[in-house]
Amino acid sequence: MPFREKSAWIMSVALLFGGAFYFFAVLSGSSAAGGLISPNIPLIVIYTVCLVVIATAGHIVIAMLAPKDANAPVDEREQQIFIRAGHYSSYLIGLGIVLSLGLYIVGGSGDLLFYTVFASLMIGQTAEYLLQILFYRT
Amino acid sequence: MGKRPPIDNRVRELREQHGGLTQAALGEAIGLTRQTVIAIEQNRYSPSLETAFRIARLFDVGVEDVFIWTE
């Protein structure tokens, strides 16, 4: 498996775990409060730290297992894979943003707007890494 | 990656003719990963013109001796 495919797996797992943690915390906090809680900085900081720790630790491990691959430059096929994955995932992010804006117009909740935009970014970024894996394998 | 191109190639055959050059060694010589060399050999990826020339020059043959249009 190429180094950058392993990297995409790590980032996918980190984003999925991080996203699951974040939205589980938001949903459980909201059900306890009896309504949608406002976005808070400590939760975002915890999410970011989790993401950085998983990504960094994962990359250190795969780089130690294959240092030569880790240092090799991106080749032409990989460049195409990254461009295609970024292209398709950008549609997903755009769709998420449009839906978020629609929800805001209908409901007028700024908190919900924050969460849906944040979720769109997470989903779009995860989709980008998953598409990279798919394109590596096809 | 995507639709298979109508191009066949003799990369694997030429590698074997040149002392069993490995996919990794070929990749390193022309600036590709081993997985990209595998993708080229399996016709899953058509290399750029520059890479096609690099492969041909490495094996000391013409580009059309390496890549064959199949339609």
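The sequence lines fix the lettering, A, B, ..., with proteins before strands; numbering per chain opens at 1. Note that the coordinates shown come from a computational prediction; the quantities given were computed from them, not determined experimentally.
A donor-acceptor contact closer than 3.5 angstrom links the side chains of B:T51 and A:E76.
Top candidate by heavy-atom pairs under 4.5 Å with chain B, chosen from A:V74, A:D75, A:D69, A:L134, is A:D75.
Here the closest non-hydrogen pair linking A:T138 and B:R44 is O-NH1, 3.3 Å.
A:F3 and A:I10 fall within the same hydrophobic cluster, where Ile, Leu, Val, Met, Phe, Trp and Tyr residues are linked whenever their side-chain heavy atoms come under 4.5 Å apart, directly or through other members. Linking ILVMFWY side-chain heavy atoms closer than 4.5 Å, directly or via other members, places B:Y45 and A:I133 in two distinct hydrophobic clusters. Follow the hydrophobic side-chain contacts under 4.5 Å out from B:I38 and you never reach B:L32; the two are in separate clusters. The cluster map of Ile, Leu, Val, Met, Phe, Trp and Tyr, joined by side-chain heavy atoms under 4.5 Å apart, puts A:F24 and A:V26 in different clusters.
How far OG1 of B:T33 is from CZ of A:R77: 7.0 Å, rounded to the nearest 0.5 Å.
Heavy-atom neighbours of A:F23 CZ from other residues, nucleotides or ligands within 6.0 Å: above the threshold of 12.
The closest side-chain heavy-atom distance from A:R4 to B:Q35 is not below 4.5 Å.
For chain A, no part of B:E50 is nearby; none of its heavy atoms comes within less than 4.5 Å.
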